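The first residue in the sequence is number 1, and the count goes up from there. All ligand and atom numbering here is 1-based and tracks the order in the structure. All values derive from a computational prediction rather than experimental measurement.
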Amino acid sequence: MEEKRMNSTINKSLVNDVAVVGVGGAGTNIAFNFEKLGYTTIHINSSTQDESAISGAKTIRHLKGFNGCAGNRQLAEQAIAKNMDIIDEISALKESIIYIIFSSAGGTGSGVAPALAEMLAEETDKTICCIVVLPDKSEDYDFHVNSYKCCQELLNIEGLGSVMFLDNNADNKQNINFYCANMLHAFLTNNSVSEYGNVDEQEKRTMIATSGNFVLSVLKADKVSDASVIERLTTKNIFAPLQKDNRCEYIGIINATGKKINKAEIINIVGTPIRTFEGFGSTNAITVIAGLSYPFDHINSIKDIAKQKHDERENAIKAAPTMTLDDIDFGEKVSKNIETDKKANKKPSRRDRLKELQS
Ligand SMILES: Nc1nc2c(ncn2[C@@H]2O[C@H](COP(=O)(O)OP(=O)(O)OP(=O)(O)O)[C@@H](O)[C@H]2O)c(=O)[nH]1
Ligand SMILES: [Mg+2]
């Protein structure tokens with residue numbers, strides 16, 4: 001009992017040590033889900049319309065002087081450059097773990113978030129984690145170009161903690177937003193204890209702080225099997241498909257009572273970790289993989305879609321005959337200006353005629 005109380009206090013302190021920063025429409029929508037779960041949250045946007053979508057949000061920081069970035073990443077970077085006080089405010093937060101959440105495909109989040117993440121990683125001792133939304137394949141050219149460029153920039157930042165890649169092909173946006181916040185919350189708050197072992201706060205911090213891709217699965221005890229957990233980690237989930245190179249750093253398995261997940265089966269899929277942290281006695285079974293390779297193949301497929309859409313546009317421009325509009329001159333007025341015509345045809349007034357006689 002004593003141990004249980006101690007463990008739950010520790011886990012509560014972990015949640016109290018996490019702050020969330022949403023940037024742009026998608027980022028602030030997802031961050032709002034975290035805010036409702038009790039996290040310290042800051043919402044950054046350039047668009048007042050996006051801001052009204054999260055009505056009731058406590059802390060909204062508007063990028064002053066801007067009203068939307070319309071998919072323009074450079075404009076968004078300028079916006080944060082002119083509003084550096086927001087970065088100072090985040091640096092000064094008491095929480096030591098910051099999750100920056102944004103879509104890579106728009107303008108505001110895609111342009112602001114990498115700059116923000118890099119500055120916080122350079123200038124603070126905080127653990128800087130990201131949650132990045134990737135576009136669905138039906139979306140337009142511009143979204144794919146932005147997403148690829150944003151990921152390219154993000155993956156070159158040194159000193160980042162874990163990054164979660166949410167794939168908008170996987171489900172509708174509201175579900176993705178909800179599952180992302182609630183699964184991570186389930187992991188951060190899990191305080192199950194067992195004489196067989198626990199995943200403690202430090203182990204959770206280690207997994208969160210490990211750079212690379214981070215995925216997790218949360219299943220109710222009655223749904224747990226090795227196959228269902230693997231399915232949730234690899235296909236039936238909200239994440240970008242894993243890079244198939246068998247590289248990971250840590251595995252965390254918090255087993256549901258009476259339903260032990262076979263570690264070897266997980267390793268078979270994600271690769272050999274430095275260590276597997278195992279816990280028991282949980283209501284939900286939670287499995288976490290940290291330090292995976294970034295999903296390079298999937299990000300390259302975003303570039304391929306951009307290229308395909310680019311080529312379609314170029315081909316249409318090339319194939320279209322050059323059209324011009326010829327001049328026309330029918331030697332007459334096209335439309336009559338009645339007022340001008342009336343004045344032109346008016347005979348001189350008696351006053352004017354008398355004036356002429358004065359000279
Ligand atoms: N998962 C998820 N995706 C979203 C959500 N809202 C928009 N998106 C996706 O995010 C991308 C557009 O990014 P936004 O976040 O709307 O763009 P922004 O950062 O506000 O940038 P601008 O509006 O261009 O200045 C598209 O791929 C959308 O499909 C959301 O609530 N959840
Ligand atoms: Mg927007």
Counting heavy atoms not belonging to Tyr294, are there more than 12 under 6.0 Å from its OH? yes
If we count only N and O atoms by modelled type, under 3.5 Å, do the side chains of Ser110 and Ser104 hold a donor and an acceptor together? no
Anything with a heavy atom under 4.0 Å from ligand 1 counts, so go ahead and list those protein residues by chain and number. Gly24, Gly25, Ala26, Asn29, Asp50, Cys69, Ala70, Gly71, Ser103, Ala105, Gly106, Gly107, Thr108, Gly109, Val133, Glu139, Phe143, Asn168, Lys173, Ile176, Asn177
Cation-aromatic face contact Lys36/Phe34, 6.0 Å, 45 degrees: no
Output for pair (Asp85 CG, Ile90 CD1), nearest 0.5 Å, gives 10.0 Å
Shortest-distance N, O or S atom of Asp50 relative to the Mg ion (ligand 2): OD2
Single hit among Glu35, Lys58, Glu95, Lys94 for side chain to side chain donor-acceptor pair (under 3.5 Å) with Thr40: Glu95
Residues forming a salt bridge (Lys or Arg N to Asp or Glu O under 4.0 Å) with Glu203, sequence neighbours excluded: none
